[in-house]
Amino acid sequence: MKSARTEYLRPAAAEDVPALTALRTEAERWLRTKGTDQWSDPETGERALAKWRASIDEGRAWVVIGEGDKVLATVSRGPVDRDFWTDADRPESALYLYKLMVAREASGRHLGTRVIDWMSRLAALEGRTWVRIDTWRTNTGLHAYYERLGFKHVRTEAPPHRRSGWLAQRPAGEVALPHDLLPVGSPEGRLGDPTTLRQVPHQGEWRHAAESPTERRRSPQETPADASGEGSGSTGQ
C-alpha cells in the first residue's frame, strides 16, 4: 500500500533561517558537481541570504515541511526584476517566482514540480496570466528542467552586474501533477485542504482563497535524477 504524503507548505519564519542557509549550502555544493558556475561567488550567497530574510519578514517566503518538521524545500515570490523585465512585458500580468530549492534527500518526490504547481494556481487566482522565472544564464540543465515543466524561454538578458537572466514563463493555472497537490498549513502548523489555496501575502496579510475554476491541467513529466530543479537547483539568485 502506498504511504500517504506528509509534506505540506507553510509560511517561512525567522527560525527557519538556519535550515534555509543549510539548504543553500547544500545547493551550492551540489551545483559544483554539475559543472555549473551558479552560486560559485560567496558574495552572491551573502546577498541572497539578505534578500531571503527580507522575504521572510515581508511574508513572501514559504517552506515545504516533511516528517519531523524538517524543511525540505523553499520558494519565494517577489516584485518584478527591472534588470530583466520591461514595461513591454506587462509586468503586472505575472507572478514572479524566486529561490526555489529542494533538499537532496527529497529528490524523487517531485517537490519542485508540486511547489511550482501551487504557485501557478495562486497566480491564476490573482488574475495573472503568467508565472515567470529568471535563472542563471549558464545553467542549461536548469533551463531544460523548466522547459519540461511547460516554461517557454522568452529571451536571455545579460546585464554586466548580473549572472542570472535566462527568462521564461508558464501560463498561470497550468499544473503538472493535478493529483498530487501540496496541502498548505498555517504558521501554527495546522493543515488545510490541498484544494484550498492560501494567498501568499503581499503586505503580511493572511487570507484564504478558493481554487480557481479556470485551472488547467497538463500531463506530468518525469524529471531525471540529475535535473537541477528537482534537486537543489534554483531560480535567480
Side-chain angles (χ1 to χ4, degrees), residues 6-31 38-39 41-83 94-106 111-112 114-123 125-126 128 131-136 162 164 182-192 196-209 229 231-237:
T6 59
E7 307 95 2
Y8 68 94
L9 271 162
R10 67 159 170 78
E15 54 266 30
D16 295 317
V17 170
L20 294 175
T21 302
L23 198 61
R24 168 84 185 202
T25 300
E26 180 188 55
E28 291 171 351
R29 292 172 180 164
W30 184 79
L31 286 165
Q38 182 170 342
W39 295 351
D41 180 2
E43 290 188 8
T44 299
E46 292 171 6
R47 288 196 301 271
L49 289 173
K51 291 180 181 179
W52 229 341
R53 291 186 179 93
S55 294
I56 292 172
D57 290 342
E58 295 167 9
R60 295 188 286 105
W62 286 63
V63 289
V64 177
I65 302 298
E67 292 183 4
D69 293 328
K70 188 162 189 178
V71 173
L72 298 178
T74 185
V75 70
S76 298
R77 73 174 298 172
V80 58
D81 192 325
R82 286 296 190 168
D83 280 345
L95 182 152
Y96 295 87
L97 185 154
Y98 298 103
K99 296 180 177 61
L100 172 63
M101 279 182 273
V102 180
R104 293 304 301 150
E105 68 177 85
L111 288 184
R114 294 163 71 197
V115 168
I116 292 169
D117 281 352
W118 179 72
M119 295 291 271
S120 179
R121 295 166 64 228
L122 175 63
L125 282 171
E126 294 182 350
R128 301 184 192 275
V131 175
R132 285 177 175 163
I133 57 173
D134 66 86
T135 75
W136 208 260
R162 300 291 297 275
S164 189
L182 275 169
V184 180
S186 71
E188 295 78 25
R190 295 190 299 271
L191 289 183
T196 298
L197 286 177
R198 289 181 183 270
Q199 168 80 327
V200 177
H202 292 276
Q203 303 294 331
E205 75 270 19
W206 182 260
R207 60 193 173 110
H208 290 275
S232 295
S234 175
T235 61
Q237 291 183 2

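Predicted model, so just to flag it, every value in this text is computed and none were measured.
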(message) Ignoring hydrogens, what is the shortest heavy-atom contact between W136 and S164? Give both atom names and the distance.
(response) N-OG, 3.8 Å
(request) Taking all heavy atoms of D69 and all of I65, pick out the closest pair and write down the distance. (result) CA-CG2, 3.5 Å
Rounded to the nearest 0.5 Å, what's the gap from [atom1] on [X] to [atom2] on [Y]? Could you check?
{"X": "S76", "Y": "I56", "atom1": "OG", "atom2": "CD1", "result": "7.5 Å"}
{"X": "I133", "Y": "Y98", "atom1": "CD1", "atom2": "OH", "result": "11.0 Å"}
{"X": "R128", "Y": "L95", "atom1": "CZ", "atom2": "CG", "result": "6.0 Å"}
{"X": "L182", "Y": "D117", "atom1": "CG", "atom2": "CG", "result": "8.5 Å"}

(message) Against V115, only a single residue in L100, V102, L97 fulfils side-chain contact (heavy atoms from CB on, under 4.5 Å); can you say which?
(response) L100
Is there a side-chain contact between [X] and [Y], using heavy atoms and a 4.5 Å cut-off?
{"X": "R77", "Y": "L122", "answer": "yes"}
{"X": "P79", "Y": "R60", "answer": "yes"}
{"X": "V184", "Y": "W62", "answer": "yes"}
{"X": "R10", "Y": "D16", "answer": "yes"}
{"X": "L111", "Y": "R114", "answer": "yes"}

(request) For T74, enumerate each residue passing the side-chain contact (heavy atoms from CB on, under 4.5 Å) test, keeping only those at least two apart in sequence or located in another chain. (result) L20, L23, W52, V63, M101
(request) Please identify each residue that fulfils side-chain contact (heavy atoms from CB on, under 4.5 Å) with A19, with sequence neighbours left out. (result) V71
(request) Give a yes or no on whether the backbone of I116 and the side-chain of S120 come within a donor-acceptor separation of less than 3.5 Å. (result) no
